[in-house]
Amino acid sequence: MIRLKNVSFQYSNQTKMTLRDINLNISQGEVIVLCGKSGCGKTTITRLLNGLIPHYIGGHLEGSILLDNEIIQDLEIHEIAKRTGSVFQNPKTQFYNIDTDSELVFTVENFGLPSEKILDRKAAIVEQLGLHPLLKRNLFHLSGGEKQLIACASVAIHDPPVIILDEPSANLDDEATTKLREMIVFWKRQGKTIIISEHRLHYLKTLADRFVLMEEGKIKHIFLQNELLNMSNEVLYQLGLRAIHLEELVSQQTSPFNQSSHFKADALTHFNHDFQLNIKEFDLPFPTIFAVTGHNGAGKSTFAKSLTGLYKKSSPRFQINKMIYKKKQCFKASSIVMQDVHHQLFTESVLSEILLSMPEPNESQALELLSLLDVIQFKDAHPMSLSGGEKQRVAILSAIAADKQLIIMDEPTSGLDYHHMKQFADCMNVLRNQNKQVFLITHDPEMISLCCDGTIELAHGTIKKITIFNEQRM
């Protein structure tokens with residue numbers, strides 16, 4: 001059904017080939033997972049298959065991409081759109097409306113379906129994915145995971161034979177990931193061809209037919225499902241892949257707590273017509289790394305913005321030992337990496353991005369920081385020219401460079417492969433050793449096992465439970 005033959009591609013704003021001599025045949029009804037380190041070319045393949053390259057994204061393309069024996073490059077973009085449906089890494093980039101109901105039916109309206117069929121399809125997809133709580137909502141008020149579900153549903157509703165998903169589980173909690181998996185199972189039973197670019201492989205381990213491991217723009221190896229299932233987590237790590245056996249993960253954090261040091265916070269509030277955050281107080285050991293967990297929409301991102309003093313109508317306060325930080329002080333003493341790092345990249349080069357964040361710009365220290373997460377080779381590149389995972393690493397390093405007392409990372413590992421996730425965990429451990437308080441908003445059990453001291457579970461805008469790992473150390 002799909003064939004890539006001797007495909008090489010170089011973006012017009014880059015000096016080296018992103019893809020080199022790719023040969024891949026995908027049969028109808030197959031589920032194919034593209035995996036490998038950030039920047040290896042996974043997203044570029046998805047852009048070739050959905051027609052974004054060469055119709056919207058320029059560059060030098062060699063070879064041919066065939067869809068039903070027709071060359072994709074020769075097809076009009078509207079013809080490709082009827083045959084393929086895509087969910088991008090950042091779902092916000094594919095929204096055309098303000099409310100969820102309009103977004104769900106936008107594609108089928110553009111295809112000119114009768115009103116009755118549009119409403120029937122909408123009802124079916126809402127029921128299938130359990131989207132009732134997300135109806136009649138403002139898209140800008142949704143969490144990252146909720147936006148991802150709406151994006152998936154808006155693609156599924158027009159029933160394309162080929163579905164392309166780019167990091168679909170990046171911001172999803174366990175429940176939403178299960179819904180995503182059920183949706184892929186449903187599509188597979190319908191005989192759809194599904195191509196998924198993904199770092200998190202555990203939910204796909206018994207679902208994908210083949211796993212295509214890429215490295216530096218080439219296909220390094222193709223694993224059948226049973227081959228991957230028989231690999232241990234350690235073998236997968238050596239290949240640069242994430243774990244598939246989550247039941248084997250255990251906390252690796254064994255550093256002792258200082259029993260006399262504490263981080264306390266209170267008056268974390270925020271209200272709007274869809275949601276309210278109301279956390280009276282909490283008390284944690286200091287310095288520590290805590291994961292902030294909970295279902296999509298539980299208030300995790302709101303917690304971060306409230307704690308750092310970003311909301312005008314809230315008056316948060318936190319205390320580190322005897323030092324008290326009120327609202328303006330909270331803001332000045334905090335650094336936050338948001339889910340969508342595009343809001344936090346301002347300059348013309350990666351190096352200048354780091355220098356901008358430093359209290360006193362120091363180029364040699366900035367270059368050392370860039371080496372921590374393997375982005376020093378991009379020091380002169382424009383941040384917006386990087387892959388999703390590379391942009392994320394730049395934003396993380398900018399937050400570290402700011403040298404603040406409180407650091408919050410919102411879904412920091414959503415675009416990271418295992419190698420860079422491990423490097424990130426090492427960076428967080430260094431911050432703890434520098435007496436920084438760190439909060440990681442995450443759904444990622446691998447990340448939690450690598451560096452976190454405990455979890456704060458949120459539900460409906462309040463703290464449901466605080467868990468401290470190895471609490472006997474206190």
Side-chain angles (χ1 to χ4, degrees), residues 2-11 14-27 30-50 52-53 57 59-66 72 86-89 162-170 193-205 207-225 227-228 231 235-244 373-375 377-378 385-393 413-423:
I2 296 173
R3 184 181 183 189
L4 289 85
K5 184 177 180 181
N6 303 322
V7 172
S8 297
F9 182 74
Q10 179 179 337
Y11 289 99
Q14 295 185 3
T15 58
K16 67 176 185 178
M17 303 294 284
T18 300
L19 296 178
R20 293 182 288 170
D21 199 29
I22 298 293
N23 287 279
L24 180 65
N25 294 332
I26 302 174
S27 302
E30 268 198 296
V31 177
I32 299 294
V33 176
L34 305 173
C35 51
K37 291 183 179 180
S38 299
C40 68
K42 304 185 299 295
T43 296
T44 301
I45 288 182
T46 67
R47 291 171 176 171
L48 287 167
L49 298 180
N50 62 24
L52 286 178
I53 299 174
I57 300 173
H60 177 67
L61 175 62
E62 298 175 1
S64 58
I65 306 104
L66 301 177
I72 286 183
S86 296
V87 177
F88 303 148
Q89 222 170 28
V162 177
I163 296 178
I164 302 164
L165 307 173
D166 193 0
E167 301 275 357
S169 73
T193 304
I194 306 167
I195 299 97
I196 308 169
S197 169
E198 186 63 282
H199 287 302
R200 297 176 181 175
L201 305 179
H202 61 88
Y203 74 99
L204 298 167
K205 63 183 180 183
L207 185 55
D209 298 295
R210 290 185 291 163
F211 295 82
V212 180
L213 176 60
M214 298 188 63
E215 185 175 288
E216 296 183 349
K218 293 184 175 182
I219 294 177
K220 183 178 181 180
H221 196 85
I222 298 179
F223 297 101
L224 297 176
Q225 182 189 105
E227 292 179 293
L228 202 80
M231 293 181 184
V235 171
L236 292 168
Y237 293 156
Q238 291 172 13
L239 292 171
L241 300 177
R242 304 284 292 270
I244 62 171
L373 291 179
D374 288 344
V375 289
Q377 68 269 33
F378 306 120
S385 71
L386 305 182
S387 73
E390 290 160 352
K391 290 174 188 171
Q392 194 168 30
R393 278 141 57 195
T413 60
S414 60
L416 301 188
D417 54 65
Y418 176 76
H419 172 71
H420 292 114
M421 182 180 69
K422 182 66 170 63
Q423 286 185 331

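For the pair R3 (side chain) and L24 (backbone), a donor-acceptor distance under 3.5 Å is absent. Checked by atom type and distance alone, the side chain of E167 never pairs as donor or acceptor with a backbone atom of E198 at under 3.5 Å. Between the side chain of Q238 and the backbone N or O of V235, no donor-acceptor pair lies under 3.5 Å. Between the side chain of E215 and the backbone N or O of I219 there is no donor-acceptor pair closer than 3.5 Å. A donor-acceptor pair is defined here as one N or O able to donate and one able to accept, closer than 3.5 Å; such a pair exists between the side chain of R20 and the backbone of E216. Although no hydrogens or angles enter the test, the distance criterion places no donor-acceptor pair under 3.5 Å between the side chain of R242 and the main chain of H202. Distance alone, capped at 3.5 Å, is enough to place a donor-acceptor pair between the K42 side chain and the K37 backbone. Although no hydrogens or angles enter the test, the distance criterion places no donor-acceptor pair under 3.5 Å between the side chain of N6 and the main chain of D21. Using a distance-only test at 3.5 Å, with no hydrogens or angles considered, no donor-acceptor pair links the side chain of N23 to the main chain of K5.
Between the side chains of H420 and R393, at least one donor N or O sits under 3.5 Å from an acceptor N or O. Side-chain atoms of Q423 and D374 form a donor-acceptor pair, as typed in the model, at a separation below 3.5 Å. No side-chain donor from either of Y11 and S385 sits under 3.5 Å from a side-chain acceptor of the other. T43 and D166 share a donor-acceptor pair across their side chains, judged by distance under 3.5 Å alone.
More than 12 heavy atoms of other residues, nucleotides or ligands shown are found within 6.0 angstrom of NZ on K205.
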